[in-house]
Amino acid sequence: MKMAFKSKIKWIALFVLILSMVSLVIHLSITKLSGPYSLQSTLMPAIGFNLTPIFGGDRAVRNKRSWGHVKSLKSLQPYANPRSSYPVPNEKNNGYIYAKIFGGFEKIRSSICDLVTISRLLNATLVIPEIQESLQSKGISYKFKSFSYLYDEEQFIASLKNDVIVVNSLPENLKAGRRRNEIHTYKPKSSASPSFYVKEILPELKKSKVIGLVLHDGGCLQSILPPSMSEFQRLRCRVAFHALKFRPKIQVLGQLMVQRLRASGQPFLAFHPGLVRNTLAYHGCAELYQDVHTELIQYRRAQMIKQGILNDELSVDSHVRRSNGSCPLMPEEIGLLLKEMGYSTETMIYVAGSETFGGQRILIPLRANFSNTVDRTQVCTKQELSDLVGPETPLPLNPFQPPPTKSEEQLKEEWNRAGPRPRPLPPPPDRPIYQHEKEVEADAFFPGFHNDGSGWPDFSSLVMGHRLYESASSKTYRPDRRVLAELFNIIHDNLYHHNNRTWKHVVREHLNKSLSEDGLIRQSLLSKPTTFLSHPLPECSCRIPSAEVPKQVKGNDGRFLYGGEDECPRWMQLSQEDTRSESAVVEEGSDDNSESEYENDGVEQQESDDSRGRSSLTQIPMDQDDEWDPND
């Protein structure tokens with residue numbers, strides 16, 4: 001009897017085990033055959049991060065609260081075409097202008113735009129500028145040289161044919177004069193006025209038929225020009241947003257990266273930390289870091305003071321500087337802000353820029369809140385990145401020779417004679433991956449550091465200006481770091497587990513305002529005086545008439561801080577009407593169903609969280625060493 005009972009128990013256990021295995025096989029088969037997971041398994045080996053759709057399944061629906069366009073800015077459209085009489089340049093002009101550009105990516109781009117504008121102002125032919133000196137210290141391959149490493153030369157020349165004559169090199173007779181140092185070379189500041197060029201440089205240009213410019217400050221012409229020179233401002237926009245196209249290989253990789261970031265059918269947010277050593281050293285933010293990183297920042301700050309770039313004390317209180325808004329927002333603060341704005345923990349976040357000072361460790365708090373935080377190394381294969389920048393220069397064969405062996409007495413004597421420990425060596429320059437306009441195409445952009453007040457262009461501000469030109473109504477946050485620093489000081493002791501509803505409301509209100517007119521007015525006041533490309537309004541935009549008349553705000557100097565755009569031409573208005581009609585048809589079925597459902601889900605989740613209570617700043621000297629990297 002007992003044997004029969006045990007035998008039945010065994011058969012029952014075996015039957016249950018078989019059912020479990022069958023159920024598991026069926027579940028895995030269904031998962032494998034589903035669209036999103038199949039796509040994920042295809043791309044995982046190549047790009048190495050989770051592409052599971054944020055909302056699951058095939059319901060790739062955008063949450064308007066987090067990703068929708070800013071309604072009050074929808075009428076702004078890019079329009080940089082000439083508005084008045086604009087003669088085509090003549091080959092019989094005043095002469096040639098050639099230039100050398102020093103600095104990081106943002107300085108190079110801004111400087112080229114100013115060079116073209118000055119060439120038009122002086123009725124001169126522009127020689128493709130030389131930027132090789134900026135690239136030598138970055139480990140760039142010998143295959144690439146100067147301008148052509150970054151940009152498409154043929155596109156640049158052809159796009160500007162109605163503005164400025166651009167040539168690849170000087171005529172042979174002028175080349176000889178340059179080799180003999182017979183050509184006058186100027187080093188204008190970024191704040192140089194048009195009258196400086198007309199009165200000081202134009203006479204020499206007419207006399208010698210060629211002049212040289214050396215640019216350090218990220219530009220050579222003042223940002224804000226008088227209203228009578230609006231056509232020159234629009235020329236800057238045509239150079240930055242139309243003529244300066246990356247070489248085809250960079251464009252192909254950039255488009256591929258955007259496709260991979262959107263492979264799950266969901267939007268993505270671009271975040272530029274702004275955590276570069278020059279920035280941190282210039283503004284005295286060393287104490288935001290610990291250990292060797294603090295010493296490295298102080299070492300760079302001492303270099304700046306010695307070279308006359310910075311007129312300040314070596315040791316300053318970083319916490320005071322942070323409270324003044326002079327230091328970048330840290331990744332843990334960015335994660336908390338995005339969470340309070342209702343972004344899902346599975347939101348795709350692309351970390352833009354080159355190397356982040358502090359490495360991947362500094363991004364751990366952001367990844368803890370948003371698991372799909374990626375950078376270029378996770379969106380591209382090593383081979384793709386290597387093909388872009390070229391092969392590394394081969395290292396010499398084992399040049400290290402071991403020192404001779406020393407006795408214990410010699411070692412003790414050297415130890416006693418040794419002074420304080422040496423300063424840490426700066427990190428080697430990174431192999432840069434220049435920007436591929438992914439930040440411009442992102443569905444939302446959040447800067448960790450912009451409007452730094454240094455007087456030089458910064459990368460985040462250039463991206464924000466480009467997004468403002470291309471799509472003014474897209475989600476581009478323009479936070480006031482001083483306001484946010486005060487808010488973070490309130491919850492400093494309980495950063496992640498506070499239950500302050502008023503605090504959360506103030507944060508959301510501030511960031512929402514930064515998306516619209518308030519943010520644009522502040523950007524115009526703080527960023528435009530440094531570089532025009534960070535805020536190309538109203539010169540490079542037009543406005544489509546709408547029922548809501550935009551308010552016009554002027555500054556103390558009489559220029560428009562907001563409003564003042566011309567009315568868009570009729571053909572552009574008709575095109576926009578057709579686009580709005582098509583989008584209305586597409587969204588008609590989704591607005592009342594899925595999308596509103598997810599918007600409500602987002603609000604409920606925020607309220608639930610509330611109830612639980614969890615919720616290139618430097619001027620580069622001509623004789624710099626390779627260690628001094630303007631964008632490390």
Compute the ring centroids of His450 and Tyr477, then answer whether they are less than 6.0 Å apart. no
Does the ring centre of Tyr151 sit less than 6.0 Å away from the ring centre of Phe156? no
Separation of [Y] [atom2] from [X] [atom1] (nearest 0.5 Å):
{"X": "Leu261", "Y": "Tyr350", "atom1": "CG", "atom2": "OH", "answer": "7.5 Å"}
{"X": "Leu329", "Y": "Arg322", "atom1": "CG", "atom2": "CZ", "answer": "8.0 Å"}
{"X": "Leu338", "Y": "Ser344", "atom1": "CG", "atom2": "OG", "answer": "11.5 Å"}
{"X": "Lys382", "Y": "Asp387", "atom1": "NZ", "atom2": "CG", "answer": "14.0 Å"}
{"X": "Glu333", "Y": "Leu336", "atom1": "CD", "atom2": "CG", "answer": "8.5 Å"}
{"X": "Asp114", "Y": "Leu533", "atom1": "CG", "atom2": "CG", "answer": "7.5 Å"}

Heavy-atom side-chain contact between [X] and [Y] under 4.5 Å:
{"X": "Ile349", "Y": "Ile334", "result": "no"}
{"X": "Thr345", "Y": "Ser371", "result": "no"}
{"X": "Arg481", "Y": "Phe449", "result": "yes"}
{"X": "Ile362", "Y": "Phe357", "result": "no"}
{"X": "Lys475", "Y": "Leu515", "result": "yes"}
{"X": "Pro479", "Y": "Phe446", "result": "yes"}
{"X": "Pro273", "Y": "Val351", "result": "yes"}
{"X": "Asn512", "Y": "Met341", "result": "yes"}

Under the side chain to side chain donor-acceptor pair (under 3.5 Å) test, residues paired with Arg522 that sit two or more places apart: Asp480
side-chain contact (heavy atoms from CB on, under 4.5 Å) assessment of His272 paired with Val463: CA-CA 10 Å; His272 184 253; Val463 171; over 6 Å; no
Between [X] (side chain) and [Y] (backbone), is there a donor-acceptor pair under 3.5 Å?
{"X": "Gln251", "Y": "Phe246", "result": "yes"}
{"X": "Ser223", "Y": "Lys528", "result": "yes"}
{"X": "Asn372", "Y": "Thr347", "result": "no"}
{"X": "Thr294", "Y": "Ala286", "result": "yes"}
{"X": "Arg482", "Y": "Asn324", "result": "yes"}
{"X": "Glu517", "Y": "Ser514", "result": "no"}
{"X": "Ser527", "Y": "Ser534", "result": "no"}
{"X": "Ser318", "Y": "Gly284", "result": "yes"}
{"X": "Gln155", "Y": "His242", "result": "yes"}

Provide the closest heavy-atom pair for [X] versus [Y] in the form atom of the first, atom of the second, distance.
{"X": "Trp67", "Y": "Ala444", "answer": "CZ3-CB, 3.8 Å"}
{"X": "Cys540", "Y": "Gln233", "answer": "SG-O, 3.7 Å"}
{"X": "Leu520", "Y": "His535", "answer": "O-CE1, 3.3 Å"}
{"X": "Phe241", "Y": "Pro536", "answer": "CE1-CG, 4.2 Å"}
{"X": "Lys551", "Y": "Asp518", "answer": "NZ-OD1, 4.4 Å"}
{"X": "Thr531", "Y": "Ser110", "answer": "OG1-OG, 3.8 Å"}

Go through Gln77 and Arg543 one step at a time and tell me if the side-chain contact (heavy atoms from CB on, under 4.5 Å) criterion holds. CA-CA 6 Å; Gln77 300 298 322; Arg543 193 178 288 272; over 6 Å; no
Under a 3.5 Å cutoff, is there a donor and acceptor pairing between the side chains of Gln360 and Asp375? yes
Strictly by modelled atom types, are Ser460 and Asp458 linked by a side-chain donor-acceptor pair under 3.5 Å? no
Can you list every pair that meets disulfide (SG to SG under 2.5 Å) and has a residue in residues 323-372, with sequence neighbours left out? Cys285-Cys327
Would you sort out whether Met257 and Glu384 count as a side-chain contact (heavy atoms from CB on, under 4.5 Å), showing the intermediate values? CA-CA 11 Å; Met257 293 173 71; Glu384 288 170 337; over 6 Å; no
Please determine whether side chain to side chain donor-acceptor pair (under 3.5 Å) holds for the pair Arg367 and Thr373, giving the CA-CA distance in whole Å, both sets of side-chain angles, and the decisive distance to 0.1 Å. CA-CA 6 Å; Arg367 286 197 168 97; Thr373 299; 5.3 Å; no
Residues passing the side chain to side chain contact (heavy atoms under 4.5 Å, CB included) test with Thr476, sequence neighbours excluded, are Phe445, Met464, Arg467, Ser474, Arg478
Begin with the C-alpha distance, continue with both residues' side-chain angles, and end with the deciding distance and a verdict on side chain to side chain donor-acceptor pair (under 3.5 Å) for His283 and Ser326. CA-CA 6 Å; His283 293 284; Ser326 299; 4.8 Å; no
Assess the residue pair Tyr289 and Leu280 against the criterion (side-chain contact (heavy atoms from CB on, under 4.5 Å)); give the C-alpha distance rounded to whole Å, side-chain angles, the decisive distance to 0.1 Å, and a yes or no. CA-CA 10 Å; Tyr289 286 79; Leu280 297 164; 3.4 Å; yes
